[in-house]
Amino acid sequence: MERGKNPGGPPPREELTRREMQIARAYADGGSYRAVAEVFGISPATVRTHIGTVYRKLGVGSKIELLRAIGPSARDGRDVTEHEADRLKRENRQLREEREALRMATEIFARRRS
């Protein structure tokens, strides 16, 4: 038998990044691509890509298998995720407001230069 091989056993699992774990947790806890995207300030397509990577790394094929693979959330499985989601929503809202203020300032500056 070759060293590091496990014939007949499940494929070895790759480590998830912190971000992949956050997205996987939000998705496994019942979030849709769109809901998870809103929480993290990314597009649903990006969520779909992350979930595809997570499924491949963990060797799972469904939300239920994903939930089993990553284990339950702390407490009842929702408190931490909802708290994290609220914090991320606040941060994303603040970033959007800052981006809008910068856009407006740039617009005003461009008008004055012309």
Side-chain angles (χ1 to χ4, degrees):
M1 176 157 84
E2 284 183 40
R3 189 176 207 190
K5 299 275 182 171
N6 183 11
R13 293 183 175 196
E14 295 180 49
E15 281 291 314
L16 298 182
T17 65
R18 182 172 180 264
R19 185 64 153 190
E20 287 169 343
M21 183 54 110
Q22 290 172 331
I23 290 171
R25 169 69 54 215
Y27 182 70
D29 282 346
S32 64
Y33 291 143
R34 182 175 288 176
V36 174
E38 184 180 317
V39 168
F40 290 97
I42 58 179
S43 75
T46 301
V47 172
R48 191 175 301 110
T49 299
H50 278 296
I51 295 301
T53 301
V54 167
Y55 274 31
R56 180 189 54 76
K57 284 183 173 183
L58 298 180
V60 300
S62 70
K63 254 188 189 183
I64 291 172
E65 290 176 357
L66 174 62
L67 188 55
R68 286 182 188 137
I70 62 177
S73 297
R75 298 186 193 174
D76 70 357
R78 298 240 181 237
D79 293 347
V80 172
T81 302
E82 288 176 9
H83 174 73
E84 181 74 2
D86 289 343
R87 184 185 65 76
L88 288 168
K89 283 180 184 178
R90 283 192 306 274
E91 286 178 8
N92 287 331
R93 186 173 28 252
Q94 182 179 2
L95 287 172
R96 281 193 302 272
E97 289 170 359
E98 290 172 2
R99 193 176 318 136
E100 179 62 16
L102 182 58
R103 185 194 65 74
M104 289 172 58
T106 303
E107 206 174 272
I108 291 168
F109 180 74
R111 276 191 232 139
R112 288 186 179 172
R113 288 189 78 195
S114 42

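Both backbone and side-chain heavy atoms feed into the values below; hydrogens, waters and symmetry mates do not. Predicted model only: the values in this text are computed from it and were never measured.
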Nearest heavy-atom pair of [X] and [Y]: which atoms, and what distance?
{"X": "Pro44", "Y": "Ala37", "result": "N-CB, 3.5 Å"}
{"X": "Ala69", "Y": "Leu58", "result": "CB-CD1, 4.0 Å"}
{"X": "Lys57", "Y": "Glu15", "result": "NZ-O, 3.2 Å"}
{"X": "Ala28", "Y": "Ile70", "result": "CB-CD1, 3.9 Å"}
{"X": "Tyr55", "Y": "Gly61", "result": "CE2-C, 3.5 Å"}

Hey, what do you get for [atom1] ([X]) to [atom2] ([Y]), rounding to the nearest 0.5 Å?
{"X": "Leu67", "Y": "Glu65", "atom1": "CG", "atom2": "CD", "value": "11.0 Å"}
{"X": "Leu66", "Y": "Arg25", "atom1": "CG", "atom2": "CZ", "value": "8.0 Å"}
{"X": "Glu38", "Y": "Ser32", "atom1": "CD", "atom2": "OG", "value": "9.0 Å"}

Within 6.0 Å of CZ in Arg34, more than 12 heavy atoms from elsewhere: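 No, the 6.0 Å shell around CZ holds no more than 12 heavy atoms from other groups.
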Shared hydrophobic cluster, Leu95 / Val39 (ILVMFWY, side-chain heavy atoms < 4.5 Å):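 Looking at the clustering, Val39 is in a separate group from Leu95.
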Pairwise side-chain contact, Ile23 with Ile42, heavy-atom cut-off 4.5 Å (strictly under):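 With C-beta onward as the side chain, the pair touches.
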Salt bridge Arg103-Glu107, side-chain N to carboxylate O under 4.0 Å: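 Yes, this pair counts.
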Any donor-acceptor N/O pair, Arg19 side chain to His50 backbone, under 3.5 Å: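 Checking the backbone N and O of His50 against the side chain of Arg19, no donor-acceptor pair under 3.5 Å is found.
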